[in-house]
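Okay, structure first, notes after.
Just so you know, ligand 1 is whichever comes first in the structure, and atom 1 is the first atom listed for that ligand. In this text the structure is predicted, and so the values were computed from the model without any measurement.
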Amino acid sequence: MSTEAGSLSCEGMYSKLIDDSGVQGEEACNARPPVFVSPSTAGKRLAHHGPYRVATACLSAFCLILLLVLVAISVHNKSSAAVGMGQNSQNSSSSPSIQMQKACPNVTSLIAEQNRLEKKNMELVEEIDQLKAKIEKLEATPTPPPVQCTEDWLYFNGSCYFISVFGRSWRDSQKYCKEKGGHLAIIHTAEEQTFLWNLLPRGHWNSYWFGISDEKLEGDWYWVDGTKLVGGFWEDGEPNNHINEDCGYIVKTEVLSRVATKSWYDAPCYMSLPWICEKKAESTSS
Ligand SMILES: [Ca+2]
Ligand SMILES: [Ca+2]
């Protein structure tokens with residue numbers, strides 16, 4: 001009985017020693033007489049110390065969780081910073097090269113365009129110089145006064161020409177032209193010959209006196225201004241003086257193969273033919 005009572009006393013005491021120092025357990029059990037602690041008293045003591053323990057445990061757990069959260073945030077921030085720095089460093093290292101790669105084609109095309117524009121500019125400068133030289137040459141050349149022809153007279157290269165629609169003898173034709181201030185046409189160039197030829201209408205044998213004759217000496221053809229004929233635009237086989245033909249005329253037929261530079265014939269001067277007058281074009285300033 002005494003042993004069981006001692007055990008019970010020690011159990012009650014151990015319950016008490018949970019709150020007190022554990023060192024005192026054995027000594028108290030051996031040195032002091034066993035003291036009975038009622039369950040109500042022990043419950044009061046436990047109720048008195050329990051909330052502190054729970055609060056301490058909760059506070060510790062909370063602190064631990066908070067510490068873990070802080071550590072996690074710190075680690076995350078460091079990782080993000082490291083990644084950001086890595087990206088920045090990568091961007092900073094790759095951006096110039098990428099930009100260079102993108103910029104290089106543009107630079108090449110710009111250089112090519114610049115070269116093209118410089119070449120074009122040189123051509124334009126050269127053209128401007130040529131135009132300036134032409135302008136200086138034109139300004140140095142005296143401008144002929146403007147000329148005009150009276151009604152029914154047509155202008156070509158400083159002369160006015162009249163083509164009649166009725167016929168007269170060669171001599172009367174020359175008289176008509178002199179009365180108008182001119183003479184029968186004197187034709188020195190192929191251009192002048194072609195100009196007059198183009199004015200003439202086509203016909204079976206359309207014939208027009210012009211200012212040439214060999215009345216003074218057969219075979220020696222002279223213009224009405226007294227100058228000797230050089231060359232001429234005779235048809236093949238003309239002049240042939242076939243029936244004492246001493247005056248020259250131009251023929252334009254309907255044969256399209258005929259040409260202006262082979263259209264002169266000689267005929268008797270008394271024949272009645274239309275004629276071509278020529279006179280110097282008048283200046284409008286006079
Ligand atoms: Ca003749
Ligand atoms: Ca003839």
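- There is no side-chain donor-acceptor pair under 3.5 Å between W209 and Q174.
- E235 pairs by the salt bridge (charged side-chain N to carboxylate O under 4.0 Å, His left out) definition with R258, not counting sequence neighbours.
- Residues passing the side-chain hydrogen bond (donor to acceptor under 3.5 Å, both in side chains) test with N244: none are found, sequence neighbours excluded.
- Sorted by chain and number, the protein atoms of type N, O or S within less than 3.0 Å of the Ca ion (ligand 2) are E238 OE1, N240 OD1, E245 OE1, D266 O, D266 OD1.
- Every residue two or more places apart in sequence or in another chain was checked for a salt bridge (charged side-chain N to carboxylate O under 4.0 Å, His left out) with K132, and none qualifies.
- The Ca ion (ligand 1) has an N, O or S atom of E218 under 3.0 Å away, backbone or side chain.
- Taking the Ca ion (ligand 1) as reference, D246 places its N/O/S atom OD1 nearest.
- Remark: K252 is positioned above the aromatic ring of W197, its terminal NZ or CZ atom under 6.0 angstrom from the ring centre and at most 45 degrees off the axis.
- A donor atom on one side chain and an acceptor atom on the other are found under 3.5 Å apart for E218 and N241.
- With ring centers used as reference points, Y161 lies 6.0 Å or more from W153.
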